A.B. asks: 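Submitted below is the structure of interest, expressed as structure tokens.
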Amino acid sequence: MSHKFPLLPVQASTVAPEVDALYWTWVAISAVSALLIAVAVFYFFIRYQRRKSGQIGHQDHGSTTLEIVWSVIPLVIVLIMFVWGTKVFFDQSRPPSNAVEYFATGKQWMWKFQHPTGKREINELHVPVGRPIKLTMISEDVIHSLFVPAFRVKADVLPGRYTTLWFQATKVGEYHLFCAEYCGTEHSLMGGTVYVMEPDDYEAWLAKAPGSGDQLATGEQLFQRFACNTCHFDGPRARGPNLEGVFGSTVKLADGSTLTADEDYVRESILTPKAKVVAGFEPLMPTFQGQVTEDQLLQLIQYVKSLGDKGAKSTPAGQTTEGAQPAAVTGGAAAPTTGG
Ligand code: CUA
């Protein structure tokens with residue numbers, strides 16, 4: 001059962017062969033260099049040993065040719081490896097634009113995953129084979145790190161900041177996932193399994209195990225439950241900026257600076273609204289720190305993202321966000337007149 005104790009885990013993602021090729025090339029270069037050095041040490045040891053007592057060694061003050069040769073050859077090798085390594089790094093860290101977004105939350109000591117459909121899992125992640133999948137990840141407590149050896153991907157999962165990891169599985173099967181950052185007593189138990197399935201099997205699995213509602217629908221419900229819609233709508237009476245088209249756009253702040261609205265910005269605006277106030281608005285928004293979980297923040301972000309394209313209301317999940325707008329308008333109109 002040699003496959004029970006393989007030298008390297010199976011290659012089960014598109015980047016795995018790239019990573020391994022780079023790895024083995026480095027191993028080969030290191031091995032050849034080590035061998036050359038060892039041979040040279042032995043050769044010089046024998047060739048230049050003192051043969052009679054009182055023998056004085058001959059001083060050699062160098063050779064320019066030799067200096068150039070042993071500087072240029074390693075330089076070329078290292079530069080090739082640098083360019084190659086950079087290519088693999090970018091392939092590994094930049095998700096393709098058609099990647100489907102999943103979410104991961106790390107906490108002591110478990111992994112929670114959310115599918116685009118809203119389906120949730122703990123310590124297990126089911127994904128279809130052959131599709132690029134992007135994980136947006138955050139921690140509820142300390143630093144964790146998500147590691148799937150068979151996919152050759154690993155990324156730290158931090159409290160207070162979103163990180164991403166992507167992969168495209170190439171082989172149906174079950175693969176271990178680990179926490180690769182020491183995070184407390186049960187760090188070694190903080191693992192699980194990635195199940196890579198045929199797309200049809202995956203759809204069947206999703207249908208058989210329905211989640212707690214669509215991720216977007218849940219985000220929209222939260223948007224109303226936390227009464228976000230009573231301030232964030234389009235109109236002169238709005239006390240907060242209209243969120244349509246905000247995600248991914250450039251936002252002008254009260255202090256004159258600008259930023260691009262991304263996941264971290266939306267999260268910060270919910271938890272610490274006064275940190276970055278949008279130009280033209282009063283810092284009226286209360287903090288939702290302690291009232292909203294990391295999972296809910298991800299759902300809210302997903303919802304805000306879905307408002308990204310003003311024109312097209314249909315979302316990747318095939319859901320419509322209709323209902324949010326009338327609700328927002330009603331909420332705004334129904335709101336008591338405050339602040340004159
Ligand atoms: Cu989480 Cu180690």
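Just so you know, these numbers come straight off a predicted model, no measurement behind them.
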A.B. asks: Return the CG to SG distance between L243 and C228, rounded to the nearest 0.5 Å.
C.D. replies: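 One gets 8.0 Å once the value is rounded to the nearest 0.5 Å.
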A.B. asks: Testing F151, F147, Y102 one by one against F167 for a ring pair (Phe, Tyr, Trp, His ring centres under 6.0 Å), which residue passes?
C.D. replies: F151
A.B. asks: State whether a side-chain donor-acceptor pair under 3.5 Å links E101 with T136.
C.D. replies: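 Their side chains do contain a donor-acceptor pair, which is all the 3.5 Å distance test asks for.
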A.B. asks: Y202 and side-chain hydrogen bond (donor to acceptor under 3.5 Å, both in side chains): which single residue from R131, H115, H126 fits?
C.D. replies: H115
A.B. asks: Taking the side chain as C-beta and beyond, is there a heavy-atom pair between P241 and H232 under 4.5 Å?
C.D. replies: yes
A.B. asks: Could I get the full list of side chain to side chain donor-acceptor pair (under 3.5 Å) partners for Q168, not counting sequence neighbours?
C.D. replies: none
A.B. asks: Let me check something: any side-chain donor-acceptor pairs from residues 173-194 under 3.5 Å, sequence neighbours excluded? List them with distances.
C.D. replies:
unit_1, atom_1, unit_2, atom_2, d
Y175, OH, K171, O, 2.8
H187, ND1, E181, O, 3.0

A.B. asks: Hey, does D141 have a side-chain heavy atom less than 4.5 Å from the side chain of H144?
C.D. replies: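 In short, these two side chains touch, coming nearer than 4.5 Å.
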A.B. asks: Remaining members of M110's ILVMFWY cluster at a side-chain heavy-atom cut-off under 4.5 Å?
C.D. replies: I122
A.B. asks: For a 4.5 angstrom cut-off between non-hydrogen side-chain atoms, does D156 reach I143?
C.D. replies: yes
A.B. asks: Mind jotting down which residue pairs meet the salt bridge (Lys or Arg N to Asp or Glu O under 4.0 Å) criterion with at least one end in residues 19-46? Sequence neighbours excluded, please.
C.D. replies: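 The answer is D20-R152.
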A.B. asks: Could you state the interatomic distance from CG (L75) to CD1 (I80), rounded to the nearest 0.5 Å?
C.D. replies: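 That separation rounds to 10.0 Å.
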A.B. asks: For K119 and W205, work out which heavy atoms get closest and say how close.
C.D. replies: CE-CH2, 3.7 Å
A.B. asks: Taking distance alone, no hydrogens or angles, what donor-acceptor pairs closer than 3.5 Å link side-chain atoms of residues 267-275 to residues at least two apart or in another chain?
C.D. replies:
unit_1, atom_1, unit_2, atom_2, d
R267, NE, E294, OE1, 3.3
R267, NH2, E294, OE2, 2.6
E268, OE1, K276, NZ, 2.7
S269, OG, Y265, O, 2.8
T272, OG1, E268, O, 3.4
K274, NZ, M285, O, 3.2

A.B. asks: Do V266 and Y162 come within less than 4.5 Å of each other through their side chains, counting heavy atoms only?
C.D. replies: no
A.B. asks: Nearest heavy-atom pair of I138 and L158: which atoms, and what distance?
C.D. replies: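 Nearest pair, atom of I138 first, then L158: CG1-O, 3.4 Å.
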A.B. asks: State, to 0.1 Å, how close A16 and A150 come at their nearest heavy-atom pair, and which atoms those are.
C.D. replies: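 A16 and A150 have their closest heavy atoms at CB-O, 4.0 Å.
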A.B. asks: Can you give me the closest heavy-atom contact between V15 and W166, atom names plus distance?
C.D. replies: CG1-CZ2, 4.4 Å
A.B. asks: Do Q302 and Q114 pair up side chain to side chain, a donor and an acceptor below 3.5 Å, judged on atom types alone?
C.D. replies: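 Side-chain D/A pair, Q302 to Q114: absent.
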A.B. asks: Quick check: does any side chain N or O of Q296 sit under 3.5 Å from a backbone N or O of T293, one acting as donor and the other as acceptor?
C.D. replies: yes
A.B. asks: Who passes side chain to side chain donor-acceptor pair (under 3.5 Å) against T105, sequence neighbours left out?
C.D. replies: D295
A.B. asks: Is it the case that D262 and T260 place a side-chain donor and acceptor less than 3.5 Å from each other?
C.D. replies: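 Side-chain D/A pair, D262 to T260: absent.
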A.B. asks: Got V127 and L125 here, is their nearest side-chain heavy-atom distance under 4.5 Å?
C.D. replies: yes
